[in-house]
Amino acid sequence: FVASVAIGATSLAALLSTVAAASVRLQGMPDAQANAAAKLQEAVAKFREAEATDAEADALVELAAVYQAQSDNRRSLESFDRALSLYRNRTNATGEARALSGIASTYGRLSDYQKSTEFYDQALGLFRTLGDRKGEAAALLGIGVARVRLNQYAEARAILNESLPI
């Protein structure tokens, strides 16, 4: 029974992720975002019940992105943090890097550029270990922007120059 629920949960995750991603792109449509958040919260609960940990963490990342689009940074951080914990418990480095990048991005939205840099640095190390060049470039860009906001222009330039060939 649990296996069939997990398979159904995985299919549901793919569908809900698509819905959530579409709602985030519709920045000016708060009703769509609220609906996506509600569906993702429901999915998180179902995945937890089915012990589909990776699907639960993936849904939490999508939920955090919806919260970011709604400028609900506190709930975004909570969702990213829960996902990070699940990914780390499962030794899912790709998911861990995504969650760390999301946390870094949220701290940037909160103008806490020091924390943003710290989380991007952690994500960068994982992206490099994984050979994920796109993730590496995004983390370097995030670090560079945070350094500019911290008035650390020389460091920002070096980091941004490092990202150019990627």
Side-chain angles (χ1 to χ4, degrees), residues 9-10 12-27 29-30 32-45 47-48 52-150 156 159-160 163 166:
T10 302
L12 180 61
L15 176 62
L16 290 172
S17 291
T18 301
V19 169
S23 75
V24 169
R25 285 191 289 275
L26 302 172
Q27 290 287 330
M29 303 184 77
Q33 293 171 351
N35 186 45
K39 296 291 184 192
L40 284 164
Q41 289 166 348
E42 180 182 326
V44 167
F47 296 144
R48 187 176 306 120
T53 307
D54 284 336
E56 179 184 353
D58 291 343
L60 283 164
V61 166
E62 296 296 336
L63 180 59
V66 171
Y67 288 146
Q68 271 189 342
Q70 295 174 324
S71 298
D72 189 343
N73 295 313
R74 180 190 57 79
R75 290 172 80 184
S76 178
L77 281 174
E78 288 171 0
S79 295
F80 278 130
D81 191 54
R82 286 176 49 206
L84 179 61
S85 178
L86 292 172
Y87 286 134
R88 283 182 171 163
N89 288 339
R90 301 273 300 167
T91 318
N92 180 334
T94 300
E96 184 178 345
R98 285 180 56 215
L100 287 165
S101 288
I103 292 169
S105 172
T106 305
Y107 276 120
R109 289 169 176 261
L110 291 167
S111 300
D112 189 338
Y113 303 114
Q114 188 59 48
K115 276 192 176 179
S116 179
T117 300
E118 291 168 14
F119 281 96
Y120 274 129
D121 278 335
Q122 292 177 54
L124 178 61
L126 287 171
F127 284 131
R128 284 181 169 160
T129 299
L130 294 165
D132 181 340
R133 302 286 283 166
K134 184 177 175 183
E136 180 181 354
L140 286 167
L141 180 61
I143 294 167
V145 168
R147 295 282 185 209
V148 167
R149 303 289 178 152
L150 290 167
I159 291 289
L160 293 171
S163 73
I166 297 177

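Start at 1 with the first residue, then count along the sequence. Basis for what follows: all heavy atoms, side chains included, without hydrogens, waters or symmetry-related copies.
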For F80, which of Q68, R75, R98 qualifies under side-chain contact (heavy atoms from CB on, under 4.5 Å)?
Q68

Which residue is it: T129, I159, L140, T117? I am looking for the one with a side-chain contact (heavy atoms from CB on, under 4.5 Å) to L124.
L140

Ignoring hydrogens, what is the shortest heavy-atom contact between [X] and [Y]? Give both atom names and the distance.
| X | Y | value |
| --- | --- | --- |
| A83 | V61 | CB-CG2, 3.8 Å |
| A104 | S116 | O-OG, 2.9 Å |
| A69 | Q33 | CB-NE2, 3.7 Å |
| A139 | F127 | CB-CD1, 4.2 Å |
| A156 | V148 | CB-CG2, 3.5 Å |
| L60 | S79 | O-CB, 3.6 Å |

Output yes when E78 and R82 qualify as a salt bridge under the 4.0 Å nitrogen-oxygen rule, no when they do not.
no

Output all residues satisfying side-chain contact (heavy atoms from CB on, under 4.5 Å) with R88, sequence neighbours left out; order by chain, then residue number.
L84, E96, L100, Q122

How long is the gap from OG1 on T94 to CG on L130, to the nearest 0.5 Å?
4.5 Å

Y120 side, atom OH; S101 side, atom OG - distance, nearest 0.5 Å:
6.5 Å

Take N89 and S85 through the side-chain contact (heavy atoms from CB on, under 4.5 Å) test and state the conclusion after the steps.
CA-CA 6 Å; N89 288 339; S85 178; 3.9 Å; yes

For D58 and F47: C-alpha separation, side-chain torsions, deciding distance, then whether side-chain contact (heavy atoms from CB on, under 4.5 Å) applies.
CA-CA 10 Å; D58 291 343; F47 296 144; over 6 Å; no

Working for side-chain contact (heavy atoms from CB on, under 4.5 Å), residues L77 and Y107:
CA-CA 8 Å; L77 281 174; Y107 276 120; 3.9 Å; yes

Who pairs with E136 by salt bridge (Lys or Arg N to Asp or Glu O under 4.0 Å), at least two apart in sequence or on another chain?
R128, R133

Hey, mind stepping through N92 and T53 against side-chain contact (heavy atoms from CB on, under 4.5 Å) and telling me if it holds?
CA-CA 11 Å; N92 180 334; T53 307; over 6 Å; no

